[in-house]
Amino acid sequence: MRCQRNFSELLKDYPKEVILKDGTGVTLRPLKDGDENALFEMFRRLPADDLWFLNHDVSDPGLIADWINNLDPNRVISIVALLEGRIVGNAVLMMKRYGAKSHIGKVRISVDPGFRDRRLGTWMLLDLVSLSMAMGLRMLVMRLVQDRDASLINGVRKLDFIEEAVLKKYLMGGEGQAHDLVIMTKRLPVEYCDS
């Protein structure tokens with residue numbers, strides 16, 4: 001059973017600044033009411049090919065507003081990276097509240113194309129790892145597209161994610177081409193809750 005920590009306690013260190021590889025300072029904080037337009041604009045800057053492989057059609061501003069209005073911190077923690085009021089990254093940790101998979105967190109990270117290869121995704125992933133351990137999760141899972149996400153796969157390997165499986169020709173690209181899905185996991189040390 002995972003720790004049942006108070007959500008505000010988990011996020012007491014936010015907002016916080018991280019320094020990117022090029023020296024740019026970016027602020028990380030939880031997604032909140034009022035972020036709808038900025039998050040929508042970040043997704044609009046993603047290439048169409050990136051959008052195709054997301055689980056939802058983020059071109060619908062109503063969907064993004066619904067996400068934000070229905071955030072349940074027991075199921076989803078969403079962190080955004082901001083620069084001058086603009087969202088340039090979004091990292092999401094999804095969890096189950098009950099059952100055989102309640103010890104597992106699924107991770108998704110989206111980074112504005114202008115901020116890729118600057119280690120923003122790494123900073124955001126490290127934040128999710130830290131939050132996951134504080135919540136008592138024991139494993140993180142990332143699903144990546146093998147040929148598209150090669151540099152990302154190499155990057156998460158450096159953070160001790162391992163390749164658990166490759167599902168050959170599992171995904172279909174927007175033009176009908178088959179892609180392999182790579183399932184990467186990271187085992188987390190058990191952090192015991194204070195009594």
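Please read all numbers here as calculations on a predicted model, not as lab measurements.
- A 6.0 Å sphere centred on CD of Glu17 holds more than 12 heavy atoms belonging to other residues, nucleotides or ligands.
- Here the side chain of Glu36 pairs a donor or acceptor atom with the backbone of Gly34 at under 3.5 angstrom.
- Across every non-hydrogen atom of Val58 and Ile64, the tightest pair is O-CD1, 3.6 Å.
- Annotation: the span from Ser78 atom OG to Asp35 atom CG amounts to 8.5 Å, rounded to 0.5 Å.
- Using a 4.5 Å heavy-atom cutoff, the side chains of Ile109 and Leu152 are not in contact.
- In this structure, CG on Asn74 lies 12.0 Å from OG on Ser102, to the nearest 0.5 angstrom.
- A 4.5 Å side-chain heavy-atom check between Leu71 and Lys32 finds every atom pair outside the cut-off.
- A distance-only check finds a donor-acceptor pair linking the side chain of Lys186 to the backbone of Leu159 [under 3.5 Å].
- Taking the salt bridge (Lys or Arg N to Asp or Glu O under 4.0 Å) definition, one finds that Asp49 meets it with Arg148, sequence neighbours left out.
- Inter-residue side-chain proximity for Ile77 and Pro30 is flagged as unmet; no heavy-atom pair is nearer than 4.5 Å.
- Take Arg143 and apply the side chain to side chain donor-acceptor pair (under 3.5 Å) test, not counting sequence neighbours, and it matches no residue.
- Nearest approach of Ser132 to Leu188, heavy atoms of both residues: CB-CD1, 3.6 Å.
- To the nearest 0.5 Å, the span separating CE on Met135 from CG on Leu93 amounts to 6.5 Å.
- Arg86 pairs by the salt bridge (Lys or Arg N to Asp or Glu O under 4.0 Å) definition with nothing, not counting sequence neighbours.
- Checked against side chain to side chain donor-acceptor pair (under 3.5 Å), Asp147 has the following partners two or more places apart in sequence or in another chain: His179.
- Shown here are the ring-ring contact (aromatic ring centres under 6.0 Å, His included) partners of Phe115, two or more places apart in sequence or in another chain: there are none.
- Counting non-hydrogen atoms of neighbouring residues, nucleotides and ligands closer than 6.0 angstrom, the CH2 atom of Trp52 reaches no more than 12 such neighbours.
- Under the side chain to side chain donor-acceptor pair (under 3.5 Å) criterion, Asp160 pairs with no residue at all, not counting sequence neighbours.
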Item to check | side chain to side chain contact (heavy atoms under 4.5 Å, CB included) between Glu163 and Met184, intermediate numbers included | outcome: CA-CA 4 Å; Glu163 187 177 293; Met184 309 276 301; 4.0 Å; yes
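- Looking only at distances, no side-chain donor or acceptor of Asp180 sits under 3.5 Å from a matching main-chain atom of Val145.
- Inter-residue side-chain proximity for Ile153 and Val182 is flagged as met; some heavy-atom pair is nearer than 4.5 Å.
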Checklist entry - Going through the checks in order, is the side chain to side chain contact (heavy atoms under 4.5 Å, CB included) test met by Trp67 and Val76? => result CA-CA 10 Å; Trp67 282 352; Val76 176; over 6 Å; no
Checklist entry - After noting the C-alpha distance and the side-chain angles of Leu125 and Phe161, does the key distance pass the side chain to side chain contact (heavy atoms under 4.5 Å, CB included) rule? => result CA-CA 11 Å; Leu125 180 56; Phe161 278 78; 3.9 Å; yes
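- Between the CE atom of Met139 and the OG1 atom of Thr185 there is a distance of 5.0 Å, given to the nearest 0.5 Å.
- For Lys16, the salt bridge (Lys or Arg N to Asp or Glu O under 4.0 Å) test picks out Asp127, with sequence neighbours left out.
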Donor-acceptor pairs are to be reported for all side-chain atoms of residues 18-27 against protein atoms at under 3.5 Å, with residues two or more places apart or in another chain.
unit_1, atom_1, unit_2, atom_2, d
Lys21, NZ, Asp117, O, 3.4
Asp22, OD1, Thr24, N, 3.0
Asp22, OD1, Thr24, OG1, 2.9
Asp22, OD2, Thr24, OG1, 3.3
Asp22, OD2, Arg118, NE, 2.8
Asp22, OD2, Arg118, NH2, 2.5
Thr24, OG1, Arg118, NH2, 3.1

Scan the side chains in residues 167-176 for donor-acceptor partners under 3.5 Å anywhere in the protein, sequence neighbours excluded, and list what turns up.
none

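- To the nearest 0.5 Å, atoms CZ (Phe43) and CG (Asp60) are separated by 12.0 Å.
- Under the side chain to side chain donor-acceptor pair (under 3.5 Å) criterion, Asn154 pairs with Arg157, sequence neighbours left out.
- The closest side-chain heavy-atom distance from Pro113 to Asp50 is not below 4.5 Å.
- Between Pro15 and Leu28 the shortest side-chain heavy-atom distance does not fall below 4.5 Å.
- Residues Leu128 and Ile162 fall into different hydrophobic clusters, defined by Ile, Leu, Val, Met, Phe, Trp and Tyr side chains chained together at heavy-atom separations under 4.5 Å.
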Next on the checklist: The test is side chain to side chain contact (heavy atoms under 4.5 Å, CB included); show your working for Arg108 and Asn90 and say whether it passes.
Outcome noted: CA-CA 8 Å; Arg108 180 191 53 76; Asn90 178 231; 3.2 Å; yes
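- Here the CG-NE2 distance, from Leu140 to His103, works out to 10.5 Å after rounding to the nearest 0.5 Å.
- Counting heavy atoms from C-beta outward, Val80 and Met42 have side chains that stay 4.5 Å or more apart.
- Listed for the Arg116 side chain is a donor-acceptor partner under 3.5 Å among the backbone atoms of Val111.
- Between Leu181 and Phe53, the closest side-chain pair of non-hydrogen atoms is not below 4.5 Å.
- For Asn70, the side chain to side chain contact (heavy atoms under 4.5 Å, CB included) partners at least two apart in sequence or on another chain are Asp66.
- The minimum heavy-atom distance between Met124 and Ala81, with the atom names listed, is CE-N, 3.8 Å.
- Trp123 is linked by a ring-ring contact (aromatic ring centres under 6.0 Å, His included) to nothing, counting only residues two or more places apart in sequence or in another chain.
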